[in-house]
Amino acid sequence: MITSASTTTAAVSDLSASLPTNHTLSDQRLRVVFAGTPEFAAISLESLITQQDVLNIDIVAVYTQPDRKAGRGQKLSASAVKQVALHHDITVEQPATFKKSSVEGMAARQTLRTYQPDVMIVAAYGLILPIGVLTTPTHGCLNIHGSLLPRWRGAAPIHRALLAGDDETGITIMQMDKGLDTGDMLYKVSCPIEPEDTASSLHDKLATLGATAITTVLKDLSHYQAQATAQDDTQANYAEKLIKTEGEIDWTQPAATIERQVRGLTPWPGAYTFLNGQRVKILSSLPINATQQTDKLAGTVVSVGRKAILVACGKDSTQNTASTLAITNLQFAGGKPMTAEQVCHGNQLNDGDQFTAESK
């Protein structure tokens, strides 16, 4: 479903009041600054670069986070966005801050002004943009956000949607203001969450959807800004940044909760448990089969089969017996990923074994 977020009249935010009231754009090409860092943003950047003539825009600069150390060698690595920009010979800026209180921040603001941007497109940039930055472009800053706002605001909307068991998610193109993902909505497009979706697969779907959505808005920016819709703050949830320990499985939770944990935390931080003190990564599992129940203690390996490894989980509110999780792929400490069939043919896991929490 694709919808314009214009069914109600937007409340005038502090930021939108500071932007030009005349939304009629001339035939002159829009000067666009793009700000983003990971692959999610790089997909949109690549799309915009290839459609500059069609959209009547010029991408005059790309902003991304400073290079970070990555990999076993801890070598400095350019972000996905930087790699795309350099491939297309677009100027890259990598300020560490825009804070007015620092010399570097003030210099970064001045540099941004020299590009004379008409609009700034922001996608998973990773830096907070102060009000002085948000109001620098003539038509403000537009954010490509990976959820149907106001459902999930914050750092990890894709993962939180999966963990919560949402049936759908999507992309919102938002006019950024000084709040955290609180700005008026210009355009929304929904995406169903399929039973087999992981954070990785959903990320890829939304990255592609985001590229299409921002293209749609830029084709008629004045229309979408004029029809912007305010968010209902009472419907908002905060999508907190993920931490590694969220991956540890509590087997007393219902199987449906753990199954969402496996999908929602793939590929990072990943779901894991312990067997005889050794970490075991749970890589994938099957959708919950309500008929597969057990009276075994939570965390007990009920059966090691060629198609799946059944593990006892906790009870949900409608069951008297425990639900089970059907694991299809896992990885023992120091080993390679294995299918249930490979595990079945080995001797590393047997019926009756007990998965536990990390021993303190």
Side-chain angles (χ1 to χ4, degrees), residues 36-47 64-65 68 70-72 77-84 123-126 144-148 151-172 189-214 237 239-249 255-273 279-288 308-309 325-332 335-340:
T37 299
E39 185 66 23
F40 179 88
I43 298 297
S44 286
L45 175 59
E46 183 73 49
S47 176
T64 191
Q65 290 227 29
R68 307 291 188 195
R72 291 184 178 181
S77 178
S79 72
V81 162
K82 181 177 179 179
Q83 293 176 48
V84 170
Y125 182 25
I144 306 170
H145 185 75
S147 84
L148 295 174
R151 173 60 175 154
W152 292 109
R153 297 171 177 171
I158 297 174
H159 305 81
R160 298 302 172 192
L162 283 164
L163 292 170
D166 291 357
D167 294 325
E168 68 171 358
T169 184
I171 291 289
T172 303
V189 53
S190 64
C191 172
I193 297 179
E194 304 295 344
E196 67 277 5
D197 269 328
T198 64
S200 178
S201 67
L202 199 53
H203 165 280
D204 292 349
K205 291 179 183 179
L206 292 180
T208 300
L209 209 57
T212 302
I214 192 60
N237 298 278
E240 294 185 68
K241 184 178 180 180
L242 296 174
I243 58 175
K244 286 185 178 180
T245 54
E246 288 187 73
E248 182 170 359
I249 294 172
T257 300
I258 299 173
E259 189 267 345
R260 294 198 300 266
Q261 183 181 9
V262 172
R263 292 188 295 117
L265 302 182
T266 297
W268 194 91
Y272 61 90
T273 186
R279 184 181 295 229
V280 180
K281 296 180 181 178
I282 309 301
L283 303 178
S284 63
S285 60
L286 296 173
I288 300 304
I309 299 159
L325 183 73
I327 299 169
T328 54
N329 291 269
L330 53 71
Q331 184 176 7
F332 293 101
K336 296 180 179 180
M338 301 175 70
T339 64

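Here the structure is a predicted model, which is why all the values come from computation and not from measurement.
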Quiz item: Side chains of T64 and S79: do they bring a donor and an acceptor to under 3.5 Å?
Solution: yes
Quiz item: Any side-chain heavy atom of C191 sitting closer than 4.5 Å to one from L209?
Solution: yes
Quiz prompt | Closest contact, heavy atoms only, H145 versus G154 | solution = CE1-O, 3.9 Å
Quiz item: Would you find a donor on one side and an acceptor on the other, under 3.5 Å apart, between the side chain of H203 and the backbone of H159?
Solution: no
Exercise. For the residue pair I249 and Q261, establish whether any side-chain heavy-atom pair is separated by less than 4.5 Å.
Key: yes
Quiz item: Considering only heavy atoms from C-beta outward, does the side chain of R279 approach that of F332 to under 4.5 Å?
Solution: no
Self-check item: Side chain proximity check, L162 to I193, heavy atoms < 4.5 angstrom
Solution: yes
Self-check item: Interatomic spacing from CZ in R260 to OG in S285 - rounded to 0.5 Å
Solution: 11.5 Å
Quiz item: Does the side chain of L148 reach to within under 4.5 Å of the side chain of S190, using non-hydrogen atoms?
Solution: yes
Practice problem: Could you tell me whether the side chain of E246 and the main chain of A271 form a donor-acceptor pair under 3.5 Å? | Solution: no
Quiz item: In chain order, what residues pass the ring-ring contact (aromatic ring centres under 6.0 Å, His included) check against Y125, with sequence neighbours excluded?
Solution: none
Quiz prompt | Side chain proximity check, I171 to I144, heavy atoms < 4.5 angstrom | solution = yes
Practice problem: Of all the heavy-atom pairs spanning A124 and P38, show the shortest one and how long it is. | Solution: O-CD, 3.0 Å
Exercise. Search all heavy atoms of A156 against all heavy atoms of L242 and return the closest pair with its distance.
Key: CB-CG, 4.3 Å
Quiz item: Between S44 and G210, what is the shortest heavy-atom contact and its length?
Solution: OG-C, 3.6 Å
Quiz prompt | side chain to side chain donor-acceptor pair (under 3.5 Å) partners for K281, two or more places apart | solution = none
Quiz item: Less than 4.5 Å apart, any side-chain heavy atom of Q331 and any of M338?
Solution: no
Quiz item: Name the one of D166, T169, T172 that satisfies side chain to side chain donor-acceptor pair (under 3.5 Å) with R151?
Solution: D166
Quiz item: Quick one: does E39's side chain have a donor or acceptor within less than 3.5 Å of a partner on I43's backbone?
Solution: no
Quiz item: Just by distance, do the side chain of R263 and the backbone of D197 share a donor-acceptor pair under 3.5 Å?
Solution: yes
Exercise. Find out whether L265 and L163 are in side-chain contact, i.e. whether some heavy atom of one side chain is under 4.5 Å from a heavy atom of the other.
Key: yes
Quiz item: For R68, which residues count as a side chain to side chain donor-acceptor pair (under 3.5 Å) partner, sequence neighbours excluded?
Solution: Q65
